[in-house]
Undergrad: 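Please read through the structure below; I'll follow up with questions.
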Number of protein chains: 2
Amino acid sequence: MKHESFHESAEMYLKTASELAGENTPTPIAALAGRLGVSAVSATEMVHRLQEQGLLAHQPYRGISLTAAGQQLADEVVRRHRLWECFLYERLGLPWHEVHDHACRLEHATTPAVTEALDAFLGHPAACPHGNPIDGQAGEPAERLLSELPVGGTAVLVRVHPESEGLLCYLAELDLLPGRRITLREIAPYQGPMVLQTDVGVRYIGREAAAHVHIRLLTEEPA
Amino acid sequence: MKHESFHESAEMYLKTASELAGENTPTPIAALAGRLGVSAVSATEMVHRLQEQGLLAHQPYRGISLTAAGQQLADEVVRRHRLWECFLYERLGLPWHEVHDHACRLEHATTPAVTEALDAFLGHPAACPHGNPIDGQAGEPAERLLSELPVGGTAVLVRVHPESEGLLCYLAELDLLPGRRITLREIAPYQGPMVLQTDVGVRYIGREAAAHVHIRLLTEEPA
DNA sequence: CACTAATATAAGGTTGGCCCAAAAACCGGG
DNA sequence: CCCGGTTTTTGGGCCAACCTTATATTAGTG
Ligand SMILES: [Mn+2]
Ligand SMILES: [Mn+2]
Ligand SMILES: [Mn+2]
Ligand SMILES: [Mn+2]
């Protein structure tokens, strides 16, 4: 049977490859596999299939990188994902940290006509509820990671990327949503948590989680 | 790998079985296969799988009928389908005859939380854009088929069931939407088309299509 | 009651997506 | 430059859903 378009699985590989490309290119297949919760063997097989379709290039023992065609498909999936997140959060009122997973289902079942109509219905939103851009220009230029904020510095939370249910849930508990103003009080020793002063109180966050929180720096030093 | 829940394919079999159950029970597997666009052999295989899961019962050479569990799953799929149709038609403004197919994709990617939130967002609609009930009481009791409307009789179009893209497209061209008032002028000989007088003009419709159009009779005879 | 058309089963294939265990290639430290 | 540990790849397998082409069974009808 002919596969009418790409399947959920292929779309998730492309989307994930796109997400990981920001961190290291070419992306090791193991990283893909890990994030997708799949064995390295399975990931390798899928990578070969996608390579045959001209969607990505695989340099053995190096890693993969998306072709222009693959990147475009990935971008389309991401766009649908973020539009659905907006809808689920703003219109349906679902919790901030839950919409990611629901959208991850819907993103593969959304036809172009629905995508465009949804975009218009939402008023062409600029970003998903977690701050990631839709139809985005390359984002703010002076963007840094919370994990790199110097002690004493103040910043505003811009976006969470890459997203995952667990991480979002953790951040939601800490009230660390986009727009939140953050000052780094100190960093506990031995890779300990960062102590943050926010406008809703003091918060502790691990380095690992902080590495996914993107910020715009306001001041390097305390006032 | 464990299949976390039911797959699109299984859901479509159950939904289709539920649709066809209205016409003849038990439903021949060939009817299922035909409507799903699948070979009779494939349908038989799937029927066996679903029977093992206790979702339907198969009497050889007779046909299938859904168990209570299977019917419930089918009903859930149908509910999601109709809620999405409402959203796509009323909120996104997609064409009346197109929303069916888009919803047929989304219905399998919709989690319970999304379903309930969507239902609330839409204000708990009573019917899909094609007139079929959501969370429905057994529909109007005195409902008939357009194909059985006596010559000279007048009726109002209630719903189109079962739905399919082609049929809806055909009806949309004829302006035959729910609420339309119809008087049957005559029936052309040799199984010819029915000649309808509507409030937007004269329309011709085939018997086959008319058998999917449900009406509420207003008067049996011309005024 | 015998025949025919519908239905079911058997047999053999394909593709996508996943798995494990074992071999092979690579890379960095000694 | 070789050795060992970490990828990656290869070689088997598995399962769900499809397919086609027979063959067997049955139900209904003449
Ligand atoms: Mn997804
Ligand atoms: Mn998001
Ligand atoms: Mn469907
Ligand atoms: Mn409908």
Side-chain angles (χ1 to χ4, degrees), chain A residues 1-17 20-21 23-65 70 73 77 104-105 107-109, chain B residues 1-17 20-21 23-65 70 73 77 104-105 107-109:
Chain A
M1 170 103 286
K2 204 86 283 113
H3 40 86
E4 48 209 57
S5 74
F6 295 102
H7 249 350
E8 177 154 344
S9 195
E11 286 189 342
M12 285 306 284
Y13 274 87
L14 293 175
K15 186 178 105 165
T16 306
L20 295 178
E23 302 177 3
N24 30 338
T25 6
T27 312
I29 288 184
L32 247 194
R35 182 160 281 249
L36 287 165
V38 138
S39 79
V41 176
S42 300
T44 302
E45 288 174 339
M46 184 55 126
V47 160
H48 288 339
R49 261 175 256 143
L50 294 173
Q51 187 172 33
E52 275 165 28
Q53 297 179 258
L55 299 174
L56 50 77
H58 178 215
Q59 303 160 259
Y61 294 97
R62 279 291 141 79
I64 61 162
S65 35
L73 280 176
V77 177
C104 194
R105 303 277 310 273
E107 67 192 357
H108 312 290
Chain B
M1 168 104 285
K2 202 88 284 111
H3 38 84
E4 46 211 57
S5 75
F6 295 104
H7 250 346
E8 178 155 342
S9 194
E11 287 190 341
M12 284 306 284
Y13 273 87
L14 294 175
K15 187 178 103 164
T16 306
L20 295 177
E23 301 175 3
N24 30 340
T25 8
T27 311
I29 287 183
L32 246 194
R35 180 159 277 254
L36 287 166
V38 139
S39 79
V41 176
S42 297
T44 303
E45 287 174 341
M46 185 55 129
V47 160
H48 289 336
R49 277 191 289 264
L50 293 173
Q51 188 173 32
E52 275 165 28
Q53 298 179 258
L55 299 174
L56 51 78
H58 178 217
Q59 303 160 259
Y61 295 96
R62 279 289 139 80
I64 61 161
S65 35
L73 279 175
V77 177
C104 195
R105 303 277 309 275
E107 66 193 356
H108 311 289

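Here is how names work: the chains are called A, B, and so on, in the same order as the sequence lines, proteins then strands, and each is numbered from 1.
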Undergrad: Taking 4.0 Å as the cut-off, does a side-chain nitrogen or oxygen of His48(B) come that near to OP1 or OP2 on dA8(C)?
TA: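 For dA8(C), neither OP1 nor OP2 has a side-chain N or O of His48(B) closer than 4.0 Å.
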Undergrad: For dA25(C), does OP1 or OP2 lie under 4.0 Å from any side-chain N or O of Arg62(A)?
TA: no
Undergrad: Can you check the Leu32(A) CG to dG17(C) P distance for me, whole Å?
TA: 14 Å
Undergrad: Provide, to the nearest angstrom, the distance between the CD atom belonging to Gln59(B) and the C1' atom belonging to dA27(D).
TA: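 The answer, rounded to whole Å, is 14 Å.
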Undergrad: For Leu55(A) and dG16(C), what is the distance between atoms CG and P respectively, to the nearest whole Å?
TA: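 Atom CG in Leu55(A) sits about 13 Å away from atom P in dG16(C).
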Undergrad: With respect to the phosphate group of dC18(D), does any side-chain polar atom (N or O) of Tyr13(B) fall under 4.0 Å of OP1 or OP2?
TA: yes
Undergrad: What's the closest nucleotide to the Arg49(B) side chain, out of dT9(D), dA16(D), dG28(D)?
TA: dA16(D)
Undergrad: For the side chain of Ile29(A), counting heavy atoms from C-beta on, which of dA10(C), dT8(D), dC20(C) is nearest?
TA: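 Among the listed nucleotides, the one closest to the side chain of Ile29(A) is dT8(D).
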Undergrad: Taking the side chain of Pro28(A) as its heavy atoms from C-beta onward, which of dC19(D), dT8(D), dT9(D) lies nearest to it?
TA: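 Closest nucleotide among those given: dT8(D).
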Undergrad: Taking the side chain of Thr44(B) as its heavy atoms from C-beta onward, which of dG28(D), dC20(C), dT9(C) lies nearest to it?
TA: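 Closest of the options to the side chain of Thr44(B): dT9(C).
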Undergrad: Check every atom of dC18(C), dT9(D), dC18(D) against the side chain of Ser42(B) and return the nucleotide holding the closest atom.
TA: dC18(D)
Undergrad: Say whether, by atom type as modelled, one donor and one acceptor occur between the side chain of Arg105(B) and the main chain of His108(A) under 3.5 angstrom.
TA: yes
Undergrad: Dump every N/O contact between nucleotides 23-26 of chain D and the protein below 3.5 Å, one line per pair.
TA:
residue	atom	partner	partner atom	Å
dT25(D)	O2	Tyr61(B)	OH	2.9

Undergrad: I need the CE-P distance between Met46(B) and dT9(C), as an integer number of Å.
TA: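 Answer to the nearest Å: 17 Å.
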Undergrad: Whole-Å distance between dC18(C) C1' and Leu50(A) CG?
TA: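 So the CG-C1' distance, Leu50(A) to dC18(C), works out to 15 Å.
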Undergrad: Out of dT20(D), dA8(C), dA27(D), which has the shortest distance to the side chain of Ser39(B)?
TA: dT20(D)
Undergrad: Nearest to the side chain of His7(A) - dC18(C), dG17(C), dA8(C)?
TA: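 That would be dG17(C).
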Undergrad: Of the options dT7(C), dT9(D), dC19(D), whose atoms approach the side-chain atoms of Ala30(B) most closely?
TA: dT7(C)
